[in-house]
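Working notes, beginning with the structure itself.
Quick note: residue numbers are just sequence positions, from 1.
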Amino acid sequence: MPPSFTEQPRSAERPSASPTLTDRFARFASGFIGGPFGDHAVDPPRRRYWTPIRVILLTGLIAFAVNWLQKYPCAAGGWTDWSQYTNACYTDIRALWGAERLNEGAIPYRDHPVEYPVLTGWFMGILGQIAYRIGSVAGTDGGPIFYHLNAIVLFICGAAAIAVLHKIREDNRRTDLPGPNPDPALVRSRPSRPWDAMMLAAAPVMLVTATVNWDLFAIALSMPFFLYWQRSRPIMAGLFLGLAVAAKFYALLFIGPLLVLALRQRKLLPALQTTATAAVVWAAINAPVAYLWPESWMRFFELNSERPVDWGTGWYVLRGVTGWERLWDSEFVNDLYLVLFALSCIGVALLGWLAPRGTAKRASAWPGLKPTALMDDLMPRLAQLCFLVLAAFLLFGKVWSQQYVLWLVPLAILARPKWGAFLVWQAAELFYFIAFYGKMLQVSAEEDGRGIPEALFLTAAASRWIMVAFMCALVVQEILIPRLDAVRTLPSPPKPAAPTPLPRAASGPAPAEAP
């Protein structure tokens, strides 16, 4: 008989799900460091210093150090002979030091329009002022100072995001239980999964994209939204959601899944509290800039509507493969994108609403399991729907910068914490990262015949698109078949017992007595 979801461990601390017992890749990789979790291991382990969070944060710091070394050739500026492409070290942070007039001491929005949301604009502006003043006092170029200051703060943001993801999975509470005061035993019925945060710390793309732009800042603000929502604190969740939207607009997409699941549960008030709080926080941050410098504030929205089809998007690949000239028209692509994205959002909403629902009849297949425990744990998880909506936004969008992968990584981990497909997707992203700089070199140094062929770049961009779509398919599969979801660890229904064979002597009717 499978263990009941209401059973609690004898110790005060819940046992954690060992990755080497629940994930095939982790089990294989553990062979290099002593093998998988054994039968005689202590659960939870009695660690004094090397606790999971410390091991994970150390891994993340190593990844950030590698990223700093990878971008170091571009930190000094003065790029010559397209070194930013040959070294694959280009970073918007260093490029915008001059483009946004930060090297002149300009204040974002007041002195120069900024192409980013307000909180990111203030982020670069504050560090820009510090770098400008240090450079002025020291009589040196503030550009390298600006880059390194940003790198340090972004690494802190990345470490914070890792720590929050660790806390989300360490608690691993359920948010789908009915009633205002659900059974605490059911709230904590899922096993602790602290090692899922290692996927973010060791994500290969972190090595090359962590400081391409200011995305880690927005990610560090968005992760507490999921933590506080999981802890049933809607106001705090709304606070961080509003901050995240004010830093990067992609976090706005989380509101749709939040409301869909709230309607399904008939618990709309907490979701409305979160949404209203996020709106107030966003407005409070944006209103002063919009009032004082409206033209600069509108620059972000105008740029997004005017931008043509960007490198590496699905539209770019489609145009390169088919030669369809209409795809050069940004307005036409804009309309197609809006239609496809809207249809995708409707599909995700229907999936969230119509996904399997538990019934007493369904729960009876699991002897000893409370019907409510199984019924409620069939509902899609918030992170699953958020991942699908954000992935659709990128798959059908006309802009897909290389660092946007950082938006997806933590959501992919929360939605589907399995290493196999995750690493294949990461390999596709690294392939595209390398191909992108080869393409930029080909465009910039065309006269020298440098760079890569267009066919190779299209292959890399298509592989990234396909792998993100494949990850979406896997998440949809686990929504429709919840027992495949590693976070839930639902038991499989028992197979019907084979009928007991009759004794050979009684295998058939007794022969009639001879006359």
Centroid-centroid distance, F123 to Y116, less than 6.0 Å: no
Between CG on residue D176 and CD on residue Q265, distance to nearest 0.5 Å: 6.0 Å
Minimal non-hydrogen separation, A460 against F431, with atom names: CA-CE2, 3.5 Å
Nearest non-hydrogen partners of L154 and A210, listed with the distance: CD1-O, 4.3 Å
Residues E170 and R193 bridged, charged N to O under 4.0 Å: no
Side chain to side chain donor-acceptor pair (under 3.5 Å) assessment of T211 paired with Y147: CA-CA 9 Å; T211 54; Y147 170 75; 3.1 Å; yes
Parallel, tilted or perpendicular: ring planes of F393 versus Y337, cut at 30 and 60 degrees: perpendicular
Whether D23 side chain and W419 backbone form a donor-acceptor pair below 3.5 Å: yes
Donor-acceptor pair, side chain of R381 and main chain of R174, under 3.5 angstrom: no
Backbone N/O of V205 and side chain of T209: donor-acceptor pair under 3.5 Å: yes
Test item: Q426 side-chain N/O and A203 main-chain N/O as donor-acceptor pair under 3.5 Å: no
Main-chain N/O of V399 paired with D310 side-chain donor or acceptor, under 3.5 Å: no
Spatial distance of atom NE2 (H166) from atom CD1 (I56) [nearest 0.5 Å]: 5.0 Å
Side chain to side chain donor-acceptor pair (under 3.5 Å) between N172 and S192, intermediate numbers included: CA-CA 6 Å; N172 206 17; S192 177; over 6 Å; no
Under-4.0 Å salt bridge between R231 and D171: yes
Mutual orientation of the aromatic rings belonging to F64 and F155 [parallel < 30°, tilted 30-60°, perpendicular > 60°]: parallel
E115 and R307 ion-paired at < 4.0 Å: no
Main-chain N/O of I219 paired to S222 side chain as donor or acceptor, under 3.5 Å: yes
Donor-acceptor contact below 3.5 Å, side chain S401 vs main chain Q403: no
Whether W315 side chain and F396 backbone form a donor-acceptor pair below 3.5 Å: yes
Stacked cation flag R464 on W400, 6.0 angstrom / 45 deg: yes
Exam field: side chain K398 to backbone G314, donor-acceptor pair closer than 3.5 Å: no
Whether W407 and Y250 hold their rings parallel, tilted or perpendicular, with breakpoints at 30° and 60°: parallel
Ring geometry between Y432 and F436 (parallel below 30°, tilted from 30 to 60°, perpendicular above 60°): tilted
